Amino acid sequence: MQNQTYESNFIFPRRMLFFHANRSALLIRGLVFFILGLIGLFRPIGSLAAVTVILGIFLLLDAMGALFLSFACRRFSGVFWSLLLCAAGIAMIVRPVEADVLLAVVLGVWMIATGVGELLSVHVSPSRFFLFGSGILSILIGILLVAAPFAGLAAFSTIVAVLLLISGIEMLVLVFGLRVPGLGGGKMNRDKTN
């Protein structure tokens with residue numbers, strides 16, 4: 001039996017060090033997401049535009065950071081997508097309601113396409129009944145979103161609020177539960193049998 005000491009119980013210690021260095025940014029983002037999620041649950045339609053603007057700001061900042069890194073590392077393959085994300089972030093900030101409607105329509109078209117794909121693959125699937133029902137439901141919800149995007153925005157806003165709440169909780173748990181060796185974390189002893 002051999003005794004080994006591991007410096008960390010994390011699988012990716014470098015990533016944990018990155019999170020530790022950016023702990024305050026992660027804390028702020030987690031708090032903002034958590035608060036927006038709570039507001040969105042109680043006032044879904046009224047808060048959707050505000051959530052869209054804030055998400056647009058985050059998207060713009062992330063895209064600008066990715067654009068800077070693309071130029072700094074001389075890897076220009078990500079420039080196009082970074083510019084596209086910058087444009088999307090600006091659109092979400094300048095025209096939040098139109099961005100929400102467009103997102104609802106795009107989601108509706110995607111759901112229709114997914115439903116049609118599920119219906120076309122019913123004959124090769126072992127769970128035909130489930131796939132058929134899922135395809136029909138996807139098509140109906142997609143048609144509703146495309147035909148009346150404002151009606152679908154309330155449900156969409158609630159889904160976004162729940163996702164923001166979950167993301168905020170995950171970030172806060174990561175910030176407050178983060179232990180990094182050498183920076184306040186502990187060592188883990190483990191026995192290995194040969």
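Not measured: the values here are computed from a predicted model. Position 1 is the first residue of the sequence, and the numbers go up from there.
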* Counting only N and O atoms by type, is there a donor-acceptor contact under 3.5 Å from the side chain of S134 to the main-chain atoms of F130? -> no
Search all heavy atoms of [X] against all heavy atoms of [Y] and return the closest pair with its distance.
X: G142; Y: M111; result: CA-CB, 4.0 Å
X: L119; Y: I136; result: CD1-CD1, 4.0 Å
X: S167; Y: F33; result: CB-CD2, 3.8 Å
X: T52; Y: A99; result: CG2-CB, 4.3 Å
X: A63; Y: S82; result: CB-O, 3.6 Å
X: V146; Y: V105; result: CG2-O, 3.9 Å

[X] and [Y]: same hydrophobic cluster, using ILVMFWY side-chain contacts below 4.5 Å?
X: L144; Y: V101; value: no
X: I39; Y: I169; value: no
X: F58; Y: L31; value: yes
X: L140; Y: V109; value: yes
X: V106; Y: L145; value: no

* Asked: Given side chains that start at C-beta, do those of E98 and L102 come closer than 4.5 Å, heavy atoms only?
  ->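 E98 vs L102: side chains apart.
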* To do: Verify the neighbour count for atom CZ of R29: are there more than 12 heavy atoms of other residues, nucleotides or ligands below 6.0 Å?
  => yes
Between atom [atom1] of [X] and atom [atom2] of [Y], what is the distance when rounded to the nearest 0.5 Å?
X: L164; Y: I35; atom1: CG; atom2: CD1; result: 11.5 Å
X: D62; Y: L67; atom1: CG; atom2: CG; result: 12.5 Å
X: L85; Y: I90; atom1: CG; atom2: CD1; result: 11.0 Å
X: L41; Y: L38; atom1: CG; atom2: CG; result: 6.5 Å

* To do: Kindly indicate, with the supporting measurements, whether the criterion side-chain contact (heavy atoms from CB on, under 4.5 Å) is fulfilled by L103 and L107.
  => CA-CA 6 Å; L103 191 59; L107 183 63; 5.6 Å; no
* side-chain contact (heavy atoms from CB on, under 4.5 Å) with I93: which of L55, L60, I54? ->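 Filter result, single survivor: L60.
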* Worked check of side-chain contact (heavy atoms from CB on, under 4.5 Å) between L165 and F34 -> CA-CA 5 Å; L165 198 60; F34 181 76; 3.5 Å; yes
